[in-house]
Amino acid sequence: MSVLLLRLAGPMQAWGDSSRFAVRETREQPTKSGVLGLLAAAQGRRRSDTLVDLAALRFGVRTDQEGRLMRDFHTAQGAPLSTRYYLMDAVFLAGVEGDHALLSALHDALRRPAFPLYLGRRSCPTQGRVSLGIIETDLETALRTHDWLAAPWYRREQSKHVRLPLAVDAGREYNGPVEQRPDVPISFSQERRRYGWRAVHRPQAVEVDNPEGRDQPDFFGAVRGA
């Protein structure tokens, strides 16, 4: 199996999979539809082009740096008022698993994208390189073993032991609890966007040591010493 790893980082991100009308929400992690949209843009695909090969890729994500939620009351001439939510200063490690030839083409496209790349919305451009390359392993192993991507300032604000949440597409062999989301793009056409359902599995979080982190106060120790 082959996995293409992606670094998703920028000042703002917005990953909605069900927002409509006046309130545009964001999930706490990137959506499959949003990331596949980024890959399609890198390849120069039009909104009317097929997405069958991209939709078949298995997708997963690891939260390396939790973002802060920001709310923006959006006004624009000739457009309805809306409230939009964003993630500030978040960093994610994402991966897509599938055919090596397709992943290689996506890796090359991300290095020289045909269209601008953004993190869920056009107001959220990517920051730094996106593709981290292809490795030969399964998706969950790739997400578990890659280096932690958090910024130095963020590491210093965390404890000395950190948990990184995971969310991956549930394979056919998985029979545990899943979360169903309308998050598999069938068409990005502006006339009729269509999405299929995706089963999301949340494995045990990745645990990493953080030597730069802060010691957590021993509240129980203070009580015992009173």
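All values below were derived from every heavy atom in this structure, side-chain atoms included, with hydrogens, water molecules and symmetry-related copies excluded. We're numbering straight along the sequence, starting at 1.
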* To do: Nearest 0.5 Å please: distance from the CH2 atom of Trp15 over to the OG1 atom of Thr26.
  => 8.5 Å
* Just by modelled atom types, is the Gln127 backbone N or O under 3.5 Å from a matching donor or acceptor in the Arg7 side chain? -> yes
* **Partner set under salt bridge (Lys or Arg N to Asp or Glu O under 4.0 Å) for Glu173, not counting sequence neighbours** => none
* Asked: Which hydrophobic side chains are connected to Val162, either touching it within the sub-4.5 Å cutoff or through other members that do?
  -> Val3, Leu5, Val91, Leu93, Leu132, Ile135, Leu139, Leu143, Trp148, Leu149, Trp153, Tyr154, Leu164, Leu166, Val168, Val206, Val208
* **Partners meeting salt bridge (Lys or Arg N to Asp or Glu O under 4.0 Å) with Glu212 (sequence neighbours left out)** => none
* Quick one: CG on Asp183 to OG1 on Thr31, what's the gap to the nearest 0.5 Å? -> 4.5 Å
* Hydrophobic cluster membership, Val130 vs Leu36, 4.5 Å side-chain cutoff -> yes
* Could you grab the distance from atom CZ of Arg129 to atom CG of Leu6, nearest 0.5 Å is fine? => 11.0 Å
* Intermediate values then yes/no, side chain to side chain contact (heavy atoms under 4.5 Å, CB included), His100 and Leu102 -> CA-CA 5 Å; His100 184 91; Leu102 173 58; over 6 Å; no
* Could you pull out the closest heavy-atom pair between Asp64 and Ala150, with the gap in Å? => O-CB, 3.5 Å
* **Point-to-point distance, once rounded to the nearest 0.5 Å, from OG of Ser33 to CG of Leu51** => 10.5 Å
* Contact summary for Val184 and Trp197, nearest pair of heavy atoms -> CG2-O, 3.6 Å
* Asked: Does Val35 reach the side chain of Phe59, with side-chain heavy atoms less than 4.5 Å apart?
  -> yes
* Asked: Should Leu8 and Ile134 be regarded as members of a common hydrophobic cluster, given that ILVMFWY residues are connected when their side-chain heavy atoms come within less than 4.5 Å of each other, either directly or indirectly?
  -> yes
* **Non-neighbouring partners of Pro113 that pass side-chain contact (heavy atoms from CB on, under 4.5 Å), sequence neighbours left out** => Ala42, Leu117
* Considering residues, nucleotides and ligands other than Gln158, do more than 12 of their heavy atoms fall under 6.0 Å from its CD? -> yes
* Asked: Minimum heavy-atom separation for Pro125 to Leu119, with atom names?
  -> O-CD1, 3.9 Å
* **Close side-chain approach of Glu136 and Met1, heavy atoms under 4.5 Å** => no
* Asked: Can Arg193 be said to sit on top of Phe188's aromatic six-ring, NZ or CZ under 6.0 Å from centre and within 45° of the ring axis?
  -> no
* Structure fact -> Applying ring-ring contact (aromatic ring centres under 6.0 Å, His included) to Tyr174 and not counting sequence neighbours gives His201
* Structure fact -> Rounding to 0.5 Å, atoms OG (Ser159) and CG (Asp209) come to a distance of 10.0 Å
* Asked: Restricting to pairs with a member in residues 87-98, which pass salt bridge (Lys or Arg N to Asp or Glu O under 4.0 Å), not counting sequence neighbours?
  -> Arg68-Asp89
* Residue pairs fulfilling salt bridge (Lys or Arg N to Asp or Glu O under 4.0 Å) with at least one residue in residues 144-157, sequence neighbours excluded -> Glu140-Arg144
Taking only distance into account, with no hydrogens and no angle test, what donor-acceptor pairs under 3.5 Å do side-chain atoms of residues 103-112 form with protein atoms, sequence neighbours excluded?
unit_1 : atom_1 : unit_2 : atom_2 : d
His107 : ND1    : Ser131 : OG     : 2.6

* **Thr141 (side chain) donor-acceptor with Thr137 (main chain) under 3.5 angstrom** => no
* Asked: Roughly how far apart are Ser123 OG and Gln13 CD, rounded to 0.5 Å?
  -> 11.5 Å
* Check whether any side-chain heavy atom of Gln29 sits under 4.5 Å from a side-chain heavy atom of Arg202, and report yes or no. => yes
* Hey, could you give me each pair passing salt bridge (Lys or Arg N to Asp or Glu O under 4.0 Å) that has a residue in residues 159-171? Not counting sequence neighbours. => Lys32-Asp169, Arg163-Glu207, Asp169-Arg198
* To do: For Arg71, enumerate each residue passing the salt bridge (Lys or Arg N to Asp or Glu O under 4.0 Å) test, keeping only those at least two apart in sequence or located in another chain.
  => none
* Asked: What pairs of residues pass the side chain to side chain donor-acceptor pair (under 3.5 Å) test when at least one of them lies in residues 46-59, not counting sequence neighbours?
  -> Arg45-Asp53
* To do: For residues Cys124 and Ala14, report the shortest heavy-atom separation together with the two atoms involved.
  => SG-N, 4.2 Å
* **Derivation of the side chain to side chain contact (heavy atoms under 4.5 Å, CB included) call for Arg121 and Arg84** => CA-CA 11 Å; Arg121 293 190 192 133; Arg84 303 188 180 193; 3.7 Å; yes
* Structure fact -> All heavy atoms of Tyr118 vs all of Leu38, minimum pair found to be O-CD1, 3.5 Å
* What residues join Phe115 in its hydrophobic cluster, counting side-chain heavy atom gaps under 4.5 Å, either direct or through other members? -> none
